[in-house]
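We're numbering straight along the sequence, starting at 1.
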Amino acid sequence: MLIKTAEFVISNSEVTKCPKDILPEYAFIGRSNVGKSSLINMLTNHKNLAKTSGKPGKTQLINHFLINKNWFLVDLPGYGYARVSKTAKKKFQKFITNYFEQRQQLVSAFVLVDIRHNPQNIDLEFMEWLGEHGIPFSIIFTKADKLKPKAIERNISEYEMEMLKTWEEMPNYFVTSSSKAIGREDVLQFIDDTNKEINTLRNE
């Protein structure tokens, strides 16, 4: 997929105020400091589309970006380790839940996981929640440039072993690096193929 246009549309904390357009949405979410903003900028080929920060928890709203005038990339707040008050954290965790439960335009979520670390309970529990609520998702392993190929394989195998304790099969996943643009074409191709399937179903 060639990204011709990528534009910020709206930020808000209420699902009811999200865009009314009947366009496919792909939501990006992950633990704070997993490299979400960098990944979004890499995928869209825009250096400053999503604001990056050295401080975890920068994203605290539902952010909609219109891509190629025909689908939305949704940047959601990270979970865990954000340096915000408990009250603020509870508030935006609530609208994350509302978004996933109520947003009919949502086609798929992308759960970002730092490939350098062992499987984290907070990530596993969140994916379990998505599964229990019937929300399709793929895993995006980030920061692959920080490890050698064998270490990447080993860490993914560890993740697969952990997930197969409760899942019938390993969810769809991608290996990425924002600094090296690794995995960019794979993720965009997945979105493009999914959009084509949606269009086909709508036209039947």
Do [X] and [Y] share a hydrophobic cluster (ILVMFWY, side-chain heavy atoms under 4.5 Å, transitive)?
{"X": "Phe8", "Y": "Leu73", "answer": "yes"}
{"X": "Ile135", "Y": "Phe95", "answer": "yes"}
{"X": "Leu66", "Y": "Ile3", "answer": "no"}
{"X": "Val187", "Y": "Met42", "answer": "yes"}
{"X": "Ile191", "Y": "Phe72", "answer": "no"}

Expected output: side-chain [X] to main-chain [Y] donor-acceptor under 3.5 Å:
{"X": "Lys180", "Y": "Thr176", "value": "no"}
{"X": "Arg31", "Y": "Val113", "value": "no"}
{"X": "Gln102", "Y": "Phe100", "value": "no"}
{"X": "Thr5", "Y": "Ile67", "value": "no"}
{"X": "Asn68", "Y": "Lys4", "value": "yes"}
{"X": "Gln105", "Y": "Asp21", "value": "yes"}
{"X": "Asn41", "Y": "Leu49", "value": "yes"}
{"X": "Ser138", "Y": "Phe110", "value": "no"}

field: Donor + acceptor pair across side chains of Ser11, Asn63 (<3.5 Å)
entry: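 Distance-only check passes for Ser11 and Asn63.
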
query: Any chance the rings of Phe190 and Phe174 have centres within less than 6.0 Å?
result: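 Ring-ring flag for Phe190/Phe174: true, centres closer than 6.0 Å.
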
- request: Indicate, with yes or no, if the rings of Tyr159 and Trp167 have centres closer together than 6.0 Å.
  value: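 That pair fails the under 6.0 Å test.
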
Any side-chain heavy atom of [X] within less than 4.5 Å of one from [Y]?
{"X": "Val111", "Y": "Ile140", "answer": "no"}
{"X": "Asn12", "Y": "Leu61", "answer": "no"}
{"X": "Ile10", "Y": "Phe65", "answer": "no"}
{"X": "Tyr99", "Y": "Leu106", "answer": "yes"}

Please give me the minimum heavy-atom distance between [X] and [Y], naming the atom from each residue.
{"X": "Cys18", "Y": "Ile62", "result": "SG-CG2, 4.2 Å"}
{"X": "Leu124", "Y": "Glu162", "result": "CD1-CG, 3.5 Å"}
{"X": "Ile182", "Y": "Val175", "result": "CG2-O, 3.7 Å"}
{"X": "Asn98", "Y": "Val15", "result": "C-CG2, 3.5 Å"}
{"X": "Arg116", "Y": "Lys146", "result": "CD-CB, 3.5 Å"}
{"X": "Ala144", "Y": "Ser177", "result": "N-CB, 4.1 Å"}

message: Assess the residue pair Glu153 and Lys150 against the criterion (salt bridge (charged side-chain N to carboxylate O under 4.0 Å, His left out)); give the C-alpha distance rounded to whole Å, side-chain angles, the decisive distance to 0.1 Å, and a yes or no.
response: CA-CA 5 Å; Glu153 288 180 21; Lys150 284 191 175 180; over 6 Å; no

message: Quick check on side-chain contact (heavy atoms from CB on, under 4.5 Å): which of Asn45, Ile40, Leu39 does Leu43 satisfy it with?
response: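 Between Leu43 and the candidates, side-chain contact (heavy atoms from CB on, under 4.5 Å) is satisfied uniquely by Leu39.
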
[X] [atom1] to [Y] [atom2] distance, which is reported to the nearest 0.5 Å:
{"X": "Glu25", "Y": "Ile22", "atom1": "CD", "atom2": "CD1", "result": "9.5 Å"}
{"X": "Leu23", "Y": "His64", "atom1": "CG", "atom2": "NE2", "result": "9.5 Å"}
{"X": "Glu160", "Y": "Asn155", "atom1": "CD", "atom2": "CG", "result": "13.0 Å"}
{"X": "Lys36", "Y": "Ile29", "atom1": "NZ", "atom2": "CD1", "result": "7.5 Å"}
{"X": "Ser38", "Y": "Leu112", "atom1": "OG", "atom2": "CG", "result": "10.5 Å"}
{"X": "Arg103", "Y": "Thr16", "atom1": "CZ", "atom2": "OG1", "result": "10.0 Å"}

task: Decide side-chain contact (heavy atoms from CB on, under 4.5 Å) for Met1 and Gln189; before the verdict, give the C-alpha distance in whole Å, the side-chain angles of both, and the deciding distance to 0.1 Å.
output: CA-CA 6 Å; Met1 179 197 302; Gln189 188 63 55; over 6 Å; no

message: Please determine whether side-chain contact (heavy atoms from CB on, under 4.5 Å) holds for the pair Leu76 and Phe28, giving the CA-CA distance in whole Å, both sets of side-chain angles, and the decisive distance to 0.1 Å.
response: CA-CA 6 Å; Leu76 294 173; Phe28 288 70; over 6 Å; no

- request: Can you label the angle between the Tyr26 ring and the Trp71 ring as parallel, tilted or perpendicular, going by 30° and 60°?
  value: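 If you compare the ring of Tyr26 with that of Trp71, the planes turn out perpendicular.
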
query: Within a reach of under 6.0 Å around CD of Gln104, are more than 12 heavy atoms found that belong to other residues, nucleotides or ligands?
result: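 No, because the 6.0 Å sphere around CD of Gln104 holds 12 heavy atoms or fewer from other groups.
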
query: Which is it for Glu125 and Leu130 under the side-chain contact (heavy atoms from CB on, under 4.5 Å) test, yes or no, and what are the steps along the way?
result: CA-CA 9 Å; Glu125 288 169 3; Leu130 290 176; over 6 Å; no

message: Run Asp114 and Thr142 through side-chain hydrogen bond (donor to acceptor under 3.5 Å, both in side chains) and show every step you take.
response: CA-CA 5 Å; Asp114 190 331; Thr142 63; 4.7 Å; no

- prompt: Can you list the steps and then say if Ile139 with Met127 is a side-chain contact (heavy atoms from CB on, under 4.5 Å)?
  reply: CA-CA 9 Å; Ile139 301 172; Met127 288 186 276; 3.6 Å; yes

